[in-house]
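The figures that follow rest on heavy atoms only: side chains count, while hydrogens, waters and symmetry mates do not.
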Amino acid sequence: MLPDIDIEGQEKLLAARVLIVGLGGLGSPVALYLAASGVGSLTLADFDSVDLSNLQRQVIHDTGTIGKSKTESAARAIARLNPHVICRRYD
């Protein structure tokens, strides 16, 4: 619960749906912040796979997900952070 957002505000966040196009340097932290804030549904769209050379700026991915699709990697990280978020994936 955030101190500046009451129960009604938290319910609105839970009902919110957000599309994130690209899970790279900008999309990956956005996905983490939205999941942590309580947004209820995230749609993740990215055609690429996780690459070692990008991990320093794509903070949602890690070495264990190299070669996997970015949407799969991100959905797993989001589930660890907030298991109540619904993730839809589009590769």
Side-chain angles (χ1 to χ4, degrees):
M1 183 76 141
L2 300 171
D4 295 338
I5 300 177
D6 58 8
I7 297 293
E8 183 180 337
Q10 285 297 130
E11 289 173 349
K12 287 180 181 179
L13 278 173
L14 183 60
R17 297 174 295 162
V18 177
L19 166 64
I20 302 169
V21 179
L23 294 162
L26 294 175
S28 67
V30 165
L32 289 173
Y33 288 136
L34 290 172
S37 72
V39 169
S41 178
L42 296 175
T43 300
L44 311 173
D46 197 312
F47 68 92
D48 208 359
S49 58
V50 179
D51 186 86
L52 177 64
S53 66
N54 296 320
L55 292 183
Q56 79 281 4
R57 60 188 176 81
Q58 297 178 4
V59 296
I60 202 166
H61 311 295
D62 59 45
T63 56
T65 61
I66 291 172
K68 297 193 184 306
S69 75
K70 287 184 180 180
T71 62
E72 178 184 353
S73 171
R76 287 183 181 184
I78 289 165
R80 287 190 304 271
L81 178 64
N82 184 347
H84 303 291
V85 176
I86 297 166
C87 284
R88 291 178 181 82
R89 298 175 36 212
Y90 291 94
D91 293 318

Discussion item. Does any part of the side chain of His61, heavy atoms only, come nearer than 4.5 Å to the side chain of Leu23, both counted from C-beta?
Written reply: yes

Item to complete: For residues Gln58 and Ser73, determine if any side-chain heavy atom of one lies less than 4.5 Å from a side-chain heavy atom of the other.
Response: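 They are not in contact (no side-chain heavy atoms under 4.5 Å apart), so the answer is no.
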
Counting heavy atoms not belonging to [X], are there more than 12 under 6.0 Å from its [atom1]?
X: Leu26; atom1: CG; result: no
X: Arg57; atom1: CZ; result: yes
X: Glu8; atom1: CD; result: no

Discussion item. With a 3.5 Å distance limit and no angle check, can you tell me whether Ser69 reaches the backbone of Glu72 through a side-chain donor-acceptor pair?
Written reply: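 Present.
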
Which atom names give the shortest non-hydrogen contact between [X] and [Y], and what distance separates them?
X: Ala31; Y: Leu42; answer: O-CD1, 3.8 Å
X: Ser49; Y: Gly67; answer: CB-O, 3.8 Å
X: Ala16; Y: Val39; answer: O-CG1, 3.7 Å
X: Leu19; Y: Ala45; answer: CD1-CB, 4.3 Å

Are [Y] and [X] linked, directly or through intermediate hydrophobic residues, by side-chain heavy-atom contacts shorter than 4.5 Å (ILVMFWY only)?
X: Val85; Y: Ile5; value: yes
X: Leu81; Y: Leu34; value: yes
X: Val50; Y: Leu52; value: yes
X: Val59; Y: Val18; value: yes
X: Val30; Y: Val21; value: no

Supply the atom-to-atom distance [X] [atom1] to [Y] [atom2], rounded to the nearest 0.5 angstrom.
X: Lys70; Y: Asp51; atom1: NZ; atom2: CG; answer: 8.0 Å
X: Gln56; Y: Asn54; atom1: CD; atom2: CG; answer: 6.5 Å
X: Ile78; Y: Leu44; atom1: CD1; atom2: CG; answer: 4.5 Å

Worksheet item: Just one of Asp91, Asp46, Thr43 clears the side-chain hydrogen bond (donor to acceptor under 3.5 Å, both in side chains) bar with Thr71, so which one?
Response: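 Result: among Asp91, Asp46, Thr43, Asp91 is the only option passing the side-chain hydrogen bond (donor to acceptor under 3.5 Å, both in side chains) with Thr71.
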
